[in-house]
Protein chains: 2
Amino acid sequence: MRHPAGCPVLETTLSLCPIGDGLRGEGAPDRKDRLARACRQVGHLSTRRRRQRQERVTLEDVALAANVSSITVSRALRNPEKVTPELRDRILRHVAEMGYVPDFAARALASRTSGMIGVLSPSLANYAFISVMRGIEDRVGMTDLRIQYANTGFEPDEQVKQLRLFLSQNPVGLIVVSGVESPQLLDILAQAPCPIVQALDIASAPIGMAIGIDNRIASETATRHLIERGYRRIALFSGGPAIHAYPRLAGYRAVMEEAGLFDPALVVQHQGHSSVSLGGHLIDRLFRQAPDADAAFCLCDDVALGAIFECQRRGIRVPEDFGICGYHDLDFASVSVPTITTVRVPRYDIGFRAADKLLRAVAGGKTVSSVVDVGFQLVERETTARRSER
Amino acid sequence: MRHPAGCPVLETTLSLCPIGDGLRGEGAPDRKDRLARACRQVGHLSTRRRRQRQERVTLEDVALAANVSSITVSRALRNPEKVTPELRDRILRHVAEMGYVPDFAARALASRTSGMIGVLSPSLANYAFISVMRGIEDRVGMTDLRIQYANTGFEPDEQVKQLRLFLSQNPVGLIVVSGVESPQLLDILAQAPCPIVQALDIASAPIGMAIGIDNRIASETATRHLIERGYRRIALFSGGPAIHAYPRLAGYRAVMEEAGLFDPALVVQHQGHSSVSLGGHLIDRLFRQAPDADAAFCLCDDVALGAIFECQRRGIRVPEDFGICGYHDLDFASVSVPTITTVRVPRYDIGFRAADKLLRAVAGGKTVSSVVDVGFQLVERETTARRSER
DNA sequence: CTGTTAGCGCCTTCAA
DNA sequence: TTGAAGGCGCTAACAG
C-alpha cells in the first residue's frame with residue numbers, strides 16, 4: 001500500500017555549498033532609531049558606522065537602550081551579583097524586550113574559553129554508545145558547559161578529521177568513547193591542550209584518563225562460560241571493524257587456544273554496524289564455514305538477537321543445540337525469548353563518571369593520568385542455560 | 001560473577017564547575033624565539049605584549065615564521081587559488097610544522113558565519129531518529145559545514161533551552177527532527193535568523209520548510225489494516241509524551257471511533273522512551289485494563305517486539321490470538337519471529353533530503369516555505385497475518 | 001558598583 | 001598577488 005503522495009525524487013543537483021554562502025540578513029527596520037539615539041550618546045561613536053545591513057542585537061545595543069556601558073550589561077547577564085538589583089532588572093528587561101542573544105563566538109574569543117566539551121564516539125546507531133552518552137549528558141548538564149558530539153563511524157580518517165574540528169573550537173575537555181586505535185589519533189590527542197578522558201575501554205593504550213572495563217578480560221570470561229556450559233565449536237560474531245573489536249577478539253582467541261578449540265573458521269566478522277539482521281546473516285555464513293558450530297559469542301546483543309531469530313527459523317534449538325552469548329546487556333536481553341546471556345557493562349555509569357572525571361580535571365587545571373576499571377558482570381540467562389556436558 | 005575491580009563509588013562532591021575555570025595553559029618554550037624574530041619585523045609590534053602564558057599558535061605566528069602577512073596565510077589556507085603555488089607550499093609547510101590550528105570562534109566572529117548547522121532531535125536513544133540523523137550527516141558531509149546535535153528528551157523546556165544555545169552560535173541553518181509542539185518553541189523558531197527545516201513529521205504546524213510523512217494518515221492506515229484483518233479490540237501502545245505522539249493518536253482514534261470500536265481502556269501510554277522491555281509492560285497493563293484486547297498498534301517497533309515476547313511468554317499466539325502492528329520498520333522488524341507488520345517511514349531519505357533542502361535555502365539566502373510528503377508504506381508481515389474474519 | 005581601555009584571532013575591505 | 005588597517009561582539013584588567 002502506497003501513500004498517495006507517491007515517491008518524489010531528489011531535486012537534481014546537489015550543490016556543495018561552501019561555508020558562508022548567502023548568509024547576509026536584511027536590514028532591521030527599527031535599527032535606525034537606536035542608532036540615532038546612539039549618536040546622542042558619548043563614547044559610542046564607533047557604533048555608528050558598522051552594521052549597515054546587519055540584524056543582530058549586540059550587548060552595546062542593549063547598553064545604549066539602558067543607558068549604561070556594555071560591560072555592565074555583560075555583568076548583569078553573567079555575574080548578576082555584581083550589579084545593583086534595580087539596574088540589573090532594568091537591563092534584563094531591555095534584554096528580553098530587544099531579544100538579545102549572546103554571541104558565543106565573541107564570548108569564546110574574548111574569554112579564551114569555549115565552554116564546550118567534545119564527545120567523540122564511533123557510532124550513534126548503537127544503544128551501547130548511546131547509554132554512555134546519556135551518562136555524560138546528565139553529568140555535564142549539571143554545569144554550564146555544552147556538549148558537542150561527533151561520530152566517526154569507526155573510521156580512523158573520520159576520527160582524525162572530527163578531532164581536528166574539535167580542537168579548532170578550543171574544547172574545555174574531550175571524551176573519547178571506545179578505544180583509541182589509530183596512532184595518528186593518539187598523536188593528536190597527546191598534544192591536545194585540554195584534558196581527555198577515554199570511556200568504555202581501558203584495554204587500549206590510554207592517553208590521559210580512562211574509565212571503563214577491560215574488554216579483553218570480559219571477552220575471556222564470556223568465552224570461558226560457553227566452554228563451561230559444554231559448548232566446543234564456539235563461533236565469534238563481530239560487527240564493526242576488526243580494530244575496534246580487537247581486545248575482545250584477543251580475549252576470545254586466547255581462551256579458545258588455551259582450550260585447544262580455536263579455529264579460524266569459527267570467526268565471522270562483518271565490516272559495518274552491528275544490527276539484529278546482521279545476526280541472521282552471520283549465522284548463515286557460520287554454518288557454511290563450520291556446519292558443526294554449536295555456539296556463538298556475539299560482540300553485541302543485537303547480533304545475538306538476530307542469531308536467535310535465525311536459529312528459530314532453522315529449527316535449531318537455543319540453548320540445547322546452539323548456545324548464544326551477547327555483549328552489553330541491552331534493554332531487550334532480559335525480556336527476549338529466550339533471554340540472552342550477556343556481559344553487562346555499566347555504560348551509563350561509565351559515561352557519567354567519565355564526564356565527572358573530566359570536569360574535575362578541567363576545574364583543577366591538571367590532568368592526572370588514571371585508569372579506572374568499573375568492572376563488568378556476566379549475566380547468565382537462557383541462551384546458554386543447558387546442563388553442562390563437560 | 002563480578003569482575004575483581006569491584007564496584008567503585010563516585011568520588012564525593014560533584015562540583016558544578018562553571019564555564020572557564022582553570023583553563024590557562026602553561027607557556028610554550030619555543031615562543032621566545034619567535035617573539036624575538038617578531039621584534040625584528042616591522043608592524044607586528046602588537047604581538048610582543050600579548051601572550052604571556054598562552055600557547056595557541058596563531059595565524060600571525062605562522063605569518064611571522066613564513067615572512068608574510070597573516071592575511072596571506074589565511075588565504076593560503078582558505079582560498080589556496082589566490083596565492084602563488086610556491087608561496088602556498090611554503091606557508092603550508094610552516095603551518096604543519098608549527099601545528100597551527102585555526103580558531104573557529106575567531107573565524108566565526110570575523111566572518112560573521114559559524115559554518116554550523118544545528119540539529120534538534122528529541123532523542124538519541126531511538127533508531128528512528130538516528131536514521132534521520134545519518135541522512136542529514138551524509139548530506140551535510142558533502143559540504144564544509146559542521147553539524148551540532150542537541151537532544152531534548154522530549155521535554156519542551158529542554159527544547160527551548162537547546163534552541164537558545166543554538167541561536168547563540170549563529171547557526172547557518174536548523175533542522176528540527178520530529179514535530180514542533182510547544183508554542184514557545186514555535187515562537188523562537190519563527191524569529192530565528194536562519195532557514196529551518198522540520199523533518200519527519202509534516203502534520204504539526206510547520207515553520208519554514210518541512211519534509212516527512214503525515215503521521216496521522218499513516219496511523220489511520222495502520223489502524224484500518226488491523227480492523228480489516230478482523231481485530232476489534234485494538235489497543236494503542238505509546239511511549240514518549242502524548243504530545244509527541246499526538247498525530248498518531250488522533251489517527252488511531254478517528255478510525256476506531258468511525259468503526260465504533262474506540263475505548264479509552266485500550267489506550268496504554270507511558271511517559272518515557274520506548275523500548276523493547278516497555279512493550280512487555282504495556283501488554284501487562286493492557287490485559288489488566290482490557291482483558292479482551294485482541295491487537296495492539298505500537299507507535300514504535302521496539303515496543304511491538306517487546307509485546308511479541310510477552311505474548312510468547314503468556315502463551316498468546318501472534319497473530320492468531322493477538323495482532324501486532326509496529327511503526328518505523330526498524331531493522332529487526334523483517335527478521336524477528338514472527339516478522340512485524342509495520343509502517344515503513346523512509347527515515348534516512350527524510351534526513352538526507354531535509355539537509356538538502358536546508359542547504360539550498362542557505363545557499364539561496366531565502367527560505368521558501370514548503371512541505372514535502374515523502375509518503376509511507378504499510379508493510380504487511382506475520383504479526384497481522386491471520387485470515388480476515390470480517 | 002560602574003566605566004574605560006584594549007585586545008581575543010581572524011577576515012573584510014581597500015590600497016599597492 | 002600581497003599587504004595594511006580596522007572591526008566582528010565580547011570580556012579581562014584596571015580605574016574611578
Side-chain angles (χ1 to χ4, degrees), chain A residues 19-20 24 41-52 54-64 66-88 90-91 100-115 168-170, chain B residues 19-20 23-24 41-52 54-63 66-88 90-91 100-115 168-170:
Chain A
I19 292 184
R24 301 291 165 276
Q41 305 272 338
V42 215
H44 289 298
L45 295 176
S46 65
T47 318
R48 218 185 333 163
R49 198 93 70 14
R50 51 164 135 128
R51 336 237 171 87
Q52 304 295 340
Q54 297 216 8
E55 47 186 331
R56 192 173 193 103
V57 178
T58 71
L59 263 193
E60 200 173 329
D61 294 327
V62 179
L64 253 32
N67 238 307
V68 291
S69 75
S70 55
I71 185 68
T72 307
V73 180
S74 170
R75 281 198 271 253
L77 253 22
R78 301 185 47 61
N79 303 84
E81 75 282 2
K82 292 191 151 190
V83 173
T84 321
E86 309 108 51
L87 216 198
R88 185 175 62 221
R90 185 154 60 85
I91 291 175
Y100 168 74
V101 177
D103 183 321
F104 280 15
R107 175 180 294 174
L109 189 56
S111 67
R112 266 164 296 277
T113 172
S114 62
S168 281
Q169 296 178 75
N170 276 312
Chain B
I19 293 184
L23 288 165
R24 300 291 165 278
Q41 304 272 337
V42 216
H44 290 298
L45 295 178
S46 64
T47 318
R48 218 186 328 165
R49 201 125 27 27
R50 52 164 134 128
R51 336 237 172 88
Q52 302 295 339
Q54 298 215 5
E55 49 187 328
R56 191 169 193 108
V57 177
T58 71
L59 264 192
E60 199 174 328
D61 294 327
V62 179
N67 238 309
V68 291
S69 75
S70 56
I71 183 63
T72 307
V73 180
S74 170
R75 282 198 270 252
L77 252 22
R78 302 186 45 63
N79 303 83
E81 74 283 3
K82 292 191 151 191
V83 171
T84 322
E86 310 107 49
L87 217 199
R88 185 173 63 222
R90 184 154 61 85
I91 291 175
Y100 168 74
V101 177
D103 182 322
F104 280 16
R107 177 179 294 173
L109 188 56
S111 67
R112 269 163 295 277
T113 173
S114 63
S168 280
Q169 296 179 72
N170 277 313

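A note on names: the letters A, B, ... follow the listed sequences, proteins ahead of strands, and every chain is numbered from 1.
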**Report entry** Proximity to the side chain of Ser111(A) - top-ranked nucleotide from dT2(D), dC11(C), dA12(D)
**Finding:** dA12(D)
Report task. Answer yes or no: does a side-chain N or O of Thr72(B) lie under 4.0 Å from OP1 or OP2 of dG3(D)? Result -> yes
Query raised in the report: Can you tell me how far the CG atom of Asn67(B) sits from the CD1 atom of Ile91(B), to the nearest 0.5 Å?
Result: 10.5 Å
Requested in this report: Please work out if Leu59(B) contacts a base, only the sugar-phosphate, or nothing of the nucleic acid, heavy-atom cut-off 4.0 Å.
Outcome: sugar-phosphate
Query raised in the report: CG/Asp103(A) to CZ/Arg112(B) distance, rounded to the nearest 0.5 angstrom?
Result: 10.5 Å
Query raised in the report: Side-chain N or O of Ser69(B) less than 4.0 angstrom from OP1 or OP2 on dA4(D)?
Result: no
Requested in this report: Figure out the CG/C1' separation between Asp61(B) and dC8(C), and round it to whole Å.
Outcome: 13 Å
Query raised in the report: Rounded to the Å, how far apart are Ile91(A) CD1 and dG3(C) P?
Result: 8 Å
Query raised in the report: Can you check the Leu64(A) CG to dG3(C) P distance for me, whole Å?
Result: 12 Å
Query raised in the report: So, is Arg78(A) near the phosphate of dT11(D), with a side-chain N or O under 4.0 Å from OP1 or OP2?
Result: yes
Query raised in the report: Can you tell which of dT2(C), dT2(D), dC10(D) lies closest to the side chain of Thr84(B)?
Result: dT2(D)
Query raised in the report: Within the structure, does a side-chain N or O atom of Arg112(A) lie under 4.0 Å from either OP1 or OP2 of dC8(C)?
Result: no
Query raised in the report: NA contact type, Glu86(A), heavy-atom cut-off 4.0 Å: base, sugar-phosphate, or nothing?
Result: nothing
Report summary line: Separation between NZ (Lys82(B)) and CZ (Arg88(B)), nearest 0.5 Å, reads 13.5 Å
Report task. Between dC11(C), dT11(D), dG3(C), spot the one nearest the side chain of Arg107(A), thanks. Result -> dT11(D)
Query - Length of the line joining Tyr100(B):OH and dG9(C):C1', which is rounded to integer Å - result: 7 Å
Query - Closest heavy-atom pair and its distance - Leu109(B), Ala106(A) - result: CD1-CB, 3.7 Å
Report task. Rounded off to whole Å, could you give me the CD1-to-P distance for the Ile71(A) and dG16(D) pair? Result -> 17 Å
Query raised in the report: Which one, dT13(C), dA12(D), dC10(C), comes nearest to the side chain of Arg75(B)?
Result: dT13(C)
**Report entry** Heavy-atom pair with the smallest gap, counting every atom of Ser114(B) and Ala108(B)
**Finding:** CA-CB, 4.2 Å
Requested in this report: Measure across Val62(A) and Tyr100(A) and return the closest heavy-atom pair with its distance rounded to 0.1 Å.
Outcome: CG2-CB, 3.8 Å
Query raised in the report: The side chain of Ser74(B) lies closest to which of these nucleotides: dG9(D), dC8(C), dC11(C)?
Result: dC11(C)
Query raised in the report: Which one, dG9(D), dC10(C), dA12(D), comes nearest to the side chain of Leu109(B)?
Result: dG9(D)
Query raised in the report: At under 4.0 Å between heavy atoms, what does Phe104(A) touch on the DNA or RNA strands: base, sugar-phosphate, or nothing?
Result: nothing
**Report entry** Per Ala106(B) side chain, nearest of listed nucleotides dC10(D), dT2(C), dG9(C)
**Finding:** dG9(C)
**Report entry** Atom pair distance, as rounded to whole Å: CZ in Arg88(A) and P in dC1(C)
**Finding:** 10 Å
Query - Between P of dG7(C) and CZ of Arg56(B), the distance in whole Å - result: 20 Å
Requested in this report: Please state how far atom NZ in Lys82(B) lies from atom P in dG3(D), giving the value in whole angstrom units.
Outcome: 14 Å
